[in-house]
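In the text below, chain A, chain B and the rest are named by the order of the sequence lines, each starting its count at 1.
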There are 2 protein chains.
Amino acid sequence: MATPQLTKNQTMVMDALSHSEGPLSAYTILDKLRDQGFRAPLQVYRALDKLLEYGLVHRLESLNAFVACTCPHEHEHDHGVTAFTICEGCGQVTEFHDIAIEQRLSALTRAQSFKTEKTTIEIRGHCQSCV
Amino acid sequence: MATPQLTKNQTMVMDALSHSEGPLSAYTILDKLRDQGFRAPLQVYRALDKLLEYGLVHRLESLNAFVACTCPHEHEHDHGVTAFTICEGCGQVTEFHDIAIEQRLSALTRAQSFKTEKTTIEIRGHCQSCV
DNA sequence: ATCGCACACGTTATAGCATAACGCAATTGA
DNA sequence: TCAATTGCGTTATGCTATAACGTGTGCGAT
């Protein structure tokens with residue numbers, strides 16, 4: 001799926017996420033964008049839906065929050081399974097991809113004839129700096 | 001951590017989950033237990049917190065819901081990383097454990113000196129019966 | 001024995017996350 | 001030109017989770 005030109009709202013939400021140190025909740029994004037005319041949660045959620053669809057943003061299920069994708073050069077193609085480490089101390093999120101895990105999961109789901117649509121891998125813990 | 005005797009509330013919540021076909025949200029559990037005297041969400045959440053701690057129940061982050069653990073014989077010991085397939089069609093959840101994935105994730109986090117506390121793996125898709 | 005502590009419980013209120021349902025405006029393409 | 005699609009704005013609502021308060025009970029230490 002090629003990424004079309006982003007709309008004004010989508011661009012504002014994308015910028016908010018890109019310039020953030022860590023993940024943001026939809027309501028935090030809303031607060032950041034109130035100055036720029038945002039008034040309602042739906043404005044954020046609608047933009048996020050599209051950004052997720054385009055693969056520019058990831059949703060962190062265990063945080064109910066969103067991060068900009070850190071693979072800017074891979075926006076044109078599906079980059080398979082995405083995994084995250086999430087530091088409970090500093091909030092830092094690191095995105096990574098691992099073909100071995102992807103293949104192993106693929107083998108396991110194939111064994112139960114399960115058709116995978118979306119895979120969530122999130123590792124909560126503490127990063128090197130946060131002991 | 002040995003599993004202590006469950007309290008009355010914990011037992012009721014556990015039973016609700018055990019007898020359910022699929023995952024239940026906290027509020028769905030509350031509704032099921034109103035007849036038996038439950039009145040408030042916290043009664044459910046407090047019981048769930050303990051059941052999670054004892055490893056009798058798992059939380060599905062991508063559904064905001066809970067399932068009874070399907071490894072009844074392993075309650076005494078930590079059974080490492082737990083993964084789930086979740087069918088969008090029938091709602092069926094299958095729990096599984098894979099040492100290869102666990103080891104691979106362990107190697108990857110060790111490489112970034114990340115100390116893992118909890119790992120979430122949830123695969124959304126469709127089961128064999130639901131095409 | 002009784003004091004202090006830990007723990008489960010009950011209740012009310014509130015915070016945080018997400019979507020339904022309506023209507024309007026702009027774009028596109030048959 | 002008309003219909004279909006898409007994005008947008010607004011109000012209202014629903015679902016998920018926790019804060020803050022107080023009560024009661026069991027139990028070990030002094």
Handout entry: Where chain A begins and ends its contact with DNA chain D, read 5' to 3' at 4.0 Å from heavy atoms
Key = D/dG7 to D/dT11

Completion exercise
Residue pair B/Leu42/A/Leu63 against DNA chain C: nearer the 5' end by closest nucleotide is B/Leu42

Indicate every side-chain donor-acceptor pair of residues 32-42 of chain B with a distance under 3.5 Å to a residue at least two apart or in another chain.
unit_1  : atom_1 : unit_2  : atom_2 : d
B/Arg34 : NE     : B/Asp31 : OD1    : 3.2
B/Arg34 : NH2    : B/Asp31 : OD1    : 3.4

Fill in the blank from the handout: OG1 (A/Thr116) and CD1 (B/Ile123) are apart, to the nearest 0.5 Å, by 5.0 Å

Exercise for the section: Looking only at non-hydrogen atoms, find the nearest pair between B/Ser62 and B/Glu122 and report the distance. Expected result: OG-OE1, 2.5 Å

Fill in the blank from the handout: Tracing side-chain contacts under 4.5 Å among Ile, Leu, Val, Met, Phe, Trp and Tyr outward from A/Ile86 reaches A/Leu60, A/Leu63, A/Val67, A/Phe84, A/Val93

Completion exercise
Rounded to the nearest 0.5 Å, the CD1 atom of A/Ile121 sits from the CD atom of A/Glu95 at a distance of 12.0 Å

Practice task
Could you grab the distance from atom OG1 of B/Thr109 to atom NZ of B/Lys115, nearest 0.5 Å is fine?
Solution key: 11.0 Å

Problem - Rounded distance [0.5 Å steps], OG1 in A/Thr7 versus CZ in A/Arg46 - result: 11.0 Å

Handout entry: Neighbours of DNA chain C within residues 25-37 of chain A, by heavy-atom distance under 4.0 Å
Key = A/Ser25, A/Tyr27

Handout entry: First and last nucleotide of DNA chain C, 5' to 3', lying under 4.0 Å from heavy atoms of chain B
Key = C/dA8 to C/dT12

Practice task
Just call it for B/Arg46: base, sugar-phosphate, or nothing, with non-hydrogen atoms closer than 4.0 Å on any strand.
Solution key: base

Problem - Check: A/Glu61/B/Thr120 side-chain N/O donor and acceptor closer than 3.5 Å - result: no

Exercise for the section: Report the residues that fulfil side-chain hydrogen bond (donor to acceptor under 3.5 Å, both in side chains) with A/Gln128, sequence neighbours left out, ordered by chain and then residue number. Expected result: none

Completion exercise
Distance col, row A/Met14:CE vs A/Leu56:CG, nearest 0.5 angstrom, shows 5.0 Å

